[in-house]
Amino acid sequence: MAKKSVEARQRKREKLVAQYAEKRQALKDAGEWTALDKLPRNSSKVRLRNRCQLTGRPRGYVRMFGISRIKFRDLASEGKIPGVTKASW
């Protein structure tokens, strides 16, 4: 489990990215680089980190499911992810 402060920081960044998305795109299209520099740093989409939605783990992220590899394996073994089965040959 990630620390609560790390998860809170991530949520704050996600909120800022959503809030400033249109404004950032308009400034980029217009080429207003100085005005773009004055926006909050955390409003940039680049500063977001893919994290597991269940544990907050930043590494081993499976993009298609939005969870970490560890949780993916646990849930798949329990049969809680539809359409995913353990390979055997």
Looking only at heavy atoms, the pair that brings S44 and V17 closest together is O-CG2, 3.6 Å
Tell me, with the steps shown, if T55 and I70 meet side-chain contact (heavy atoms from CB on, under 4.5 Å). CA-CA 10 Å; T55 62; I70 298 166; over 6 Å; no
L16 vs R47, test: side-chain contact (heavy atoms from CB on, under 4.5 Å). Steps then yes/no.
CA-CA 11 Å; L16 277 172; R47 292 177 69 98; over 6 Å; no
Is atom CD of E78 surrounded by more than 12 heavy atoms (other residues, nucleotides or ligands) closer than 6.0 Å?
yes
Are Y20 and L27 in one and the same hydrophobic cluster, where Ile, Leu, Val, Met, Phe, Trp and Tyr link if side-chain heavy atoms are under 4.5 Å apart?
yes
Taking every heavy atom of A2 against every heavy atom of G56, the minimum-distance pair comes out as CB-O, 3.5 Å
So CD of E14 and CZ of R9: to nearest 0.5 Å the spacing works out to 13.0 Å
ask   = Would you say the side chain of K23 lies within less than 4.5 Å of the side chain of L39, judging by non-hydrogen atoms?
value = yes
For F72 and V62 the tightest heavy-atom approach is CB-CG2, 4.5 Å
field: L54-Y61 co-clustered via ILVMFWY side chain contacts under 4.5 Å
entry: no
Is there a side-chain contact between Q19 and R24 in this structure, where contact means two heavy atoms from C-beta onward sitting under 4.5 Å apart?
no
Are any of the side-chain heavy atoms of W33 and K28 separated by less than 4.5 Å?
-> yes
Here the gap from R13 atom CZ to L48 atom CG, rounded to the nearest 0.5 Å, amounts to 8.0 Å
Interatomic distance, CD@E32 vs NZ@K38, rounded to 0.5 Å, equals 10.0 Å
dist R73:CZ -> K86:NZ (nearest 0.5 Å) comes out at 7.0 Å
- prompt: Do F65 and L75 have side-chain heavy atoms sitting under 4.5 Å apart?
  reply: no
